[in-house]
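The shown structure was predicted, so the numbers you read here are calculated from the model rather than taken from an experiment.
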Amino acid sequence: MKNGLMISIVTPSLNQGKYIEDNINSIAEQNYGNYEHIIMDGCSTDETKEVVGKYKNIIFNSQKDTGPGNAINAGFMKARGDIFAWLNADDYYEKNIFDLVEKKFSENKIDLLIGSLTFVDENKKIILKEATKRIELKDLIHETPDLRQPCTFFSRRLFEKVKGIDENLKVVFDYDLFAKMLSETTPCFIDFNLAYYRDHKFTLTRRSVRKQALEIYKVAKKHGASFKDNINKLALKKFLSGKL
């Protein structure tokens with residue numbers, strides 16, 4: 001059944017065939033019909049194409065990109081929806097949350113929605129249930145870059161207003177995007193689990209700790225952080241803990 005605002009989900013993917021079926025099913029089995037799922041694949045060489053091919057109603061694009069930020073921007077350029085989100089190929093949504101998300105946007109006239117997030121291991125065993133992080137722009141710039149992407153939805157209007165993702169950033173493009181969004185709107189927070197983040201050794205952040213640290217420093221500085229702020233102490237700690 002098609003009703004309400006259209007939800008567009010973009011999934012950037014590269015060689016995530018091991019996990020992507022959970023991602024697809026978590027979207028396909030929602031109790032809300034007015035959505036589209038756009039998978040932007042960076043020419044995977046694993047079983048991704050075969051897995052995706054089993055499912056109807058997926059917009060699948062396999063082409064070279066310059067990184068996940070580039071793939072996500074390209075996906076949203078194709079999107080027709082009113083509500084946007086991206087869900088990495090190894091993550092998946094909570095059951096039957098699209099109706100709740102749409103109601104929050106349509107009834108409250110909001111542009112940014114943030115819920116709770118559950119961390120799982122590669123076999124979907126729960127590691128941590130994290131309550132909704134109620135964070136303001138000043139917190140994001142001066143204290144911590146933690147605004148959880150999988151459990152965040154935003155309007156097309158807001159994404160376009162902040163001019164999308166900075167593709168020069170290869171790791172913390174979500175941090176920069178949410179800082180831009182928080183400078184334009186006040187989020188709606190809900191105490192309800194919206195997504196599952198699969199934490200394993202091959203995630204982008206685990207593979208790129210030092211690059212992540214340098215980009216956190218760069219983004220925080222751009223948005224007004226000083227060298228003495230806690231966020232830069234965190235970036236330094238990450239850099240020192242990372243491998244060459």
Side-chain angles (χ1 to χ4, degrees), residues 6-28 35-55 57-93 112 117 145 147-181 195-200 202-209 211-212 214-216 218-219:
M6 186 177 192
I7 299 174
S8 294
I9 307 297
V10 170
T11 293
S13 175
L14 180 63
N15 293 327
Q16 293 292 316
K18 179 180 179 181
Y19 303 119
I20 199 167
E21 196 154 21
D22 288 331
N23 172 290
I24 293 170
N25 283 328
S26 78
I27 296 169
Y35 75 89
E36 61 182 357
H37 187 191
I38 302 168
I39 297 179
M40 301 299 295
D41 181 71
C43 294
S44 292
T45 57
D46 67 355
E47 67 271 32
T48 295
K49 188 174 182 179
E50 288 70 30
V51 173
V52 176
K54 296 189 297 182
Y55 295 86
N57 302 321
I58 290 177
I59 302 168
F60 182 71
N61 289 268
S62 186
Q63 61 191 48
K64 290 290 185 182
D65 56 57
T66 60
N70 173 246
I72 295 164
N73 275 341
F76 285 132
M77 285 289 290
K78 299 176 182 296
R80 298 173 293 131
D82 308 288
I83 302 168
F84 283 1
W86 85 82
L87 187 68
N88 293 328
D90 48 356
D91 299 334
Y92 54 100
Y93 283 126
L112 184 60
L117 182 66
L147 198 160
R148 303 305 192 190
Q149 167 264 317
C151 55
T152 301
F153 291 76
F154 41 88
S155 67
R156 168 192 286 275
R157 175 176 58 248
L158 180 60
F159 185 78
E160 292 177 346
K161 186 173 185 179
V162 301
K163 303 186 185 306
I165 289 171
D166 182 351
E167 296 179 16
N168 293 312
L169 298 167
K170 303 304 180 185
V171 185
V172 303
F173 47 86
D174 52 348
Y175 170 40
D176 178 64
L177 177 68
F178 294 142
K180 293 189 294 185
M181 287 182 170
Y196 294 84
Y197 173 84
R198 201 186 307 253
D199 191 6
H200 56 90
F202 297 113
T203 60
L204 178 62
T205 52
R206 287 188 181 276
R207 289 185 285 110
S208 312
V209 175
K211 181 179 283 290
Q212 180 192 33
L214 291 171
E215 288 190 354
I216 288 172
K218 178 181 178 180
V219 172

inquiry  = So, taking the atom named SG in C43 and the one named CG in D65, what distance separates them when rounded to the nearest 0.5 Å?
reply    =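 CG of D65 is found 8.0 Å from SG of C43.
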
Is a side-chain N or O of [X] found less than 3.5 angstrom from the main chain of [Y], in a donor-acceptor match?
X	Y	value
T11	I39	no
N15	D46	yes
D90	Y19	no
E36	R80	yes
Q149	W86	yes
D41	S44	yes

Should [X] and [Y] count as an ion pair when the cut-off is N to O under 4.0 Å?
X	Y	value
K170	E215	no
R156	E160	yes
R198	D22	yes
K54	E21	yes

query = Does a side-chain heavy-atom distance below 4.5 Å link S155 with I83?
reply =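 No, their side chains stay 4.5 Å or more apart.
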
Member of F153, Y35, Y197 meeting the ring pair (Phe, Tyr, Trp, His ring centres under 6.0 Å) criterion with Y93 =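 In the set F153, Y35, Y197, the residue that makes a ring pair (Phe, Tyr, Trp, His ring centres under 6.0 Å) with Y93 is F153.
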
ask   = Taking the inter-plane angle between the rings of F178 and F154 on a 0 to 90° scale, is it parallel (under 30°), tilted (30 to 60°) or perpendicular (over 60°)?
value =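 Perpendicular: the ring planes of F178 and F154 meet at over 60°.
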
